[in-house]
Structure formats: C-alpha cells, structure tokens
Amino acid sequence: MPLISVSGDPLLTACQVLAFGYNARGQSESRAEQIHLYQSYPAMFSLYRRQARKGKIKSGTVWQWNETTPNFALWIIRETPFGATRIRYVQSIVMSFVRDYQLYDIRSLALIRPGTPIEYQELYPILEQWLHPLPIPIVVYETYESGLKAEEGLA
C-alpha cells in the first residue's frame with residue numbers, strides 16, 4: 001500500500017500503532033508534537049527515561065508502550081535529543097518492522113515524520129522502499145496540527 005501523507009494531530013489517529021522518533025538518552029525533545037506527547041503520557045516517558053538511564057535503550061531499536069490506544073512505538077533514531085537522525089538507525093528499525101509486523105499482529109501504523117524536514121528528504125525514500133510493499137495502511141504525519149483529526153483514509 002502506498003504511504004498516506006497527512007497533516008493533523010497524531011494522537012487522534014485511528015491506527016493501531018503510533019510510531020515516532022526519539023533519542024537513546026530518554027531526554028525530552030523540543031518538537032511541538034513531542035512536547036504534546038510528553039504532556040499527555042508522562043508515565044510512559046518516565047519509564048522510558050529510567051530504562052534509558054540504566055542503559056537498556058539502544059539506538060536503532062524500538063521501545064514499545066502498549067498501555068494505550070493507539071499503542072506507542074518509540075523509534076530510537078538519535079543518540080541525543082539534539083543529535084542528527086541516523087539513516088542507519090531508521091533503516092534498521094524499518095527493516096525490523098517489515099520482518100516482524102505480522103508477529104505482533106500490527107494492522108495499521110501511523111508515523112510522525114522522523115527527523116528534521118531536511119533529514120526527512122533523505123529518509124522518505126527509505127520509508128517508501130521498505131514500507132510501501134506492506135499490505136497494511138501506513139499513515140505519515142508530515143505536519144503537526146494540534147487537535148485536528150487527519151483524513152487517514154482508513155475504514
């Protein structure tokens with residue numbers, strides 16, 4: 001299925017899993033949607049931060065939180081909140097997702113645009129290459145608009 005690009009509030013997604021890029025140190029990030037997530041789910045970020053401090057979080061992996069709807073998948077694509085998004089980390093995560101999505105019975109994925117707008121220009125072809133062949137809907141939130149439910153095209 002083709003990737004569906006939308007603008008809106010990713011917390012209002014109808015997708016089963018909401019994925020977003022984060023850092024391996026567990027430190028707060030400064031993008032508006034990250035701040036909104038942090039304020040909405042402090043318990044999740046508290047647990048994540050504790051595990052990061054213990055060295056249990058590795059770049060190029062995914063950290064899952066299944067206590068909410070949608071479930072959250074933190075894609076660890078940076079070492080620090082101010083560091084660059086690493087293409088190799090994104091590739092590793094996307095390849096793992098393609099391999100394992102059926103194992104975890106994932107039927108739809110919403111993804112907050114990873115990286116800065118400039119980084120995303122390099123990352124989009126990777127996402128398209130690996131995720132496009134999957135038979136599940138994948139929605140990419142390219143622009144954050146608080147409180148606006150996006151037209152995801154899901155049934």
**Student:** Taking atom CD of Q64 as the centre, report whether more than 12 heavy atoms of other residues, nucleotides or ligands fall under 6.0 Å from it.
**Tutor:**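 For Q64, atom CD is crowded (more than 12 foreign heavy atoms under 6.0 Å).
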**Student:** Could you list the residues that satisfy ring pair (Phe, Tyr, Trp, His ring centres under 6.0 Å) with F82, not counting sequence neighbours?
**Tutor:**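 With sequence neighbours excluded, F82 shows a ring pair (Phe, Tyr, Trp, His ring centres under 6.0 Å) to no residue whatsoever.
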**Student:** Connecting only ILVMFWY residues whose side-chain heavy atoms lie within less than 4.5 Å of each other, what is the rest of I118's hydrophobic cluster?
**Tutor:**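 Members alongside I118: none; it stands by itself.
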**Student:** How close do P135 and Y101 get, counting heavy atoms only, and between which atoms?
**Tutor:**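 Of all heavy-atom pairs spanning P135 and Y101, the closest is CD-OH, 3.1 Å.
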**Student:** For the hydrophobic clusters of this structure (ILVMFWY residues joined by side-chain heavy atoms under 4.5 Å, transitively), does one cluster hold both V90 and I76?
**Tutor:**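 No; I76 is not reachable from V90 via cluster members.
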**Student:** Return the set of residues passing side chain to side chain donor-acceptor pair (under 3.5 Å) with H36 (not counting sequence neighbours), or none when no residue passes.
**Tutor:**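 With neighbours one apart ignored, the set is empty.
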**Student:** Side-chain atoms of residues 56-63: list all donor-acceptor pairs with protein atoms under 3.5 Å, sequence neighbours left out, distances to 0.1 Å.
**Tutor:**
from: K58; atom 1: NZ; to: G55; atom 2: O; distance (Å): 2.9
from: S59; atom 1: OG; to: E79; atom 2: OE2; distance (Å): 2.7
from: T61; atom 1: OG1; to: K58; atom 2: O; distance (Å): 2.4
from: W63; atom 1: NE1; to: Q51; atom 2: OE1; distance (Å): 2.5

**Student:** Quick one: do Y89 and R78 satisfy side-chain contact (heavy atoms from CB on, under 4.5 Å)? Show the steps, please.
**Tutor:** CA-CA 8 Å; Y89 296 157; R78 282 181 297 288; over 6 Å; no
**Student:** Please round to the nearest 0.5 Å and tell me the distance separating atom CG of L131 and atom CG of L109.
**Tutor:**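 Answer rounded to 0.5 Å: 7.0 Å.
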**Student:** Using 0.5 Å steps for rounding, measure from the CG atom of N71 to the CD1 atom of I106.
**Tutor:**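 Here the rounded value is 8.0 Å.
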**Student:** W130 versus M95: any side-chain heavy-atom pair under 4.5 Å?
**Tutor:**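 Answer yes - side chains close enough.
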**Student:** Where do I138 and L134 come nearest, in terms of heavy atoms and distance?
**Tutor:**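 For I138 and L134, the tightest heavy-atom pair comes out as CD1-CD1, 4.1 Å.
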**Student:** For the residue pair L74 and F45, what are the closest heavy atoms and their distance?
**Tutor:**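 Heavy atoms only, the tightest pair is CD2-CE2, 4.3 Å.
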**Student:** Answer yes or no: is there a donor N or O on one side and an acceptor on the other, between the side chain of R113 and the main chain of G115, under 3.5 Å?
**Tutor:**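 Yes, because the side chain of R113 sits within donor-acceptor range (under 3.5 Å) of the backbone of G115.
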**Student:** Do I126 and W75 sit in one hydrophobic cluster, given that two such residues count as connected whenever their side-chain heavy atoms are within less than 4.5 Å of each other, even indirectly?
**Tutor:**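 Linked within one cluster.
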**Student:** Does E142 have any side-chain contact (heavy atoms from CB on, under 4.5 Å) partners at least two apart in sequence or in another chain, and if so, which?
**Tutor:**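 Checked E142 against side-chain contact (heavy atoms from CB on, under 4.5 Å); matches are S5, Y120, Y124, V140.
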**Student:** Can any side-chain N or O of D9 pair as donor or acceptor with the backbone N or O of S146 at less than 3.5 Å?
**Tutor:**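 No, because the side chain of D9 does not come within donor-acceptor range (under 3.5 Å) of the backbone of S146.
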**Student:** Mind checking whether I112 and L37 have side chains closer than 4.5 Å, heavy atoms only?
**Tutor:**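 Sidechains of L37 and I112: in contact.
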**Student:** Mind listing the side-chain donor-acceptor pairs of residues 12-25 below 3.5 Å, one per line with the distance, residues two or more places apart or on another chain?
**Tutor:**
from: T13; atom 1: OG1; to: C15; atom 2: N; distance (Å): 3.0
from: T13; atom 1: OG1; to: E152; atom 2: OE1; distance (Å): 3.4
from: T13; atom 1: OG1; to: E152; atom 2: OE2; distance (Å): 2.5
from: Q16; atom 1: OE1; to: R107; atom 2: N; distance (Å): 2.6
from: Q16; atom 1: NE2; to: D105; atom 2: O; distance (Å): 3.2
from: Y22; atom 1: OH; to: Q27; atom 2: O; distance (Å): 3.2
from: N23; atom 1: OD1; to: R25; atom 2: N; distance (Å): 3.1
from: N23; atom 1: OD1; to: G26; atom 2: N; distance (Å): 2.9
from: N23; atom 1: OD1; to: Q27; atom 2: N; distance (Å): 3.2
from: N23; atom 1: ND2; to: Q27; atom 2: O; distance (Å): 2.8
from: N23; atom 1: ND2; to: E29; atom 2: OE2; distance (Å): 2.8

**Student:** Look at the side-chain heavy atoms of Ile, Leu, Val, Met, Phe, Trp and Tyr, link any pair under 4.5 Å apart, and say whether I35 and Y41 land in one connected group.
**Tutor:**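 No, because I35 and Y41 fall into different hydrophobic clusters, even though each may have its own neighbours under 4.5 Å.
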**Student:** My understanding is that a hydrophobic cluster links ILVMFWY residues whose side chain heavy atoms are under 4.5 Å apart, including indirect links. Using that, what else belongs to the cluster containing V6?
**Tutor:**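 I4, V139, Y141, all in the cluster of V6.
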**Student:** Taking E119 for its side chain and T85 for its backbone only, find out whether a donor-acceptor pair lies under 3.5 Å.
**Tutor:**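 Side chain of E119 to backbone of T85, a donor-acceptor pair under 3.5 Å: yes, one is there.
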**Student:** Please identify each residue that fulfils side-chain contact (heavy atoms from CB on, under 4.5 Å) with L148, with sequence neighbours left out.
**Tutor:**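 Counting only residues at least two positions away or on another chain, L148 forms a side-chain contact (heavy atoms from CB on, under 4.5 Å) with E145.
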**Student:** Applying side-chain contact (heavy atoms from CB on, under 4.5 Å) to L47 and W65, what does each step give before you reach the verdict?
**Tutor:** CA-CA 10 Å; L47 178 59; W65 177 265; 3.7 Å; yes
**Student:** Please answer whether the main-chain N or O of P42 pairs with a side-chain N or O of S46 as donor and acceptor at a distance below 3.5 Å.
**Tutor:**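 Absent.
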**Student:** With the side chain counted from C-beta on, respond yes when L123 and P114 share a heavy-atom pair under 4.5 Å apart, and no when they do not.
**Tutor:**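 SC-SC contact between L123 and P114 confirmed.
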**Student:** Do V94 and Y104 belong to the same hydrophobic cluster, where Ile, Leu, Val, Met, Phe, Trp and Tyr are linked whenever their side-chain heavy atoms lie under 4.5 Å apart, directly or via other members?
**Tutor:**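 Shared cluster, yes.
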**Student:** Which residues pass the side-chain contact (heavy atoms from CB on, under 4.5 Å) test with R88, sequence neighbours left out?
**Tutor:**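 Partners of R88 under the side-chain contact (heavy atoms from CB on, under 4.5 Å) test: R86, Q91.
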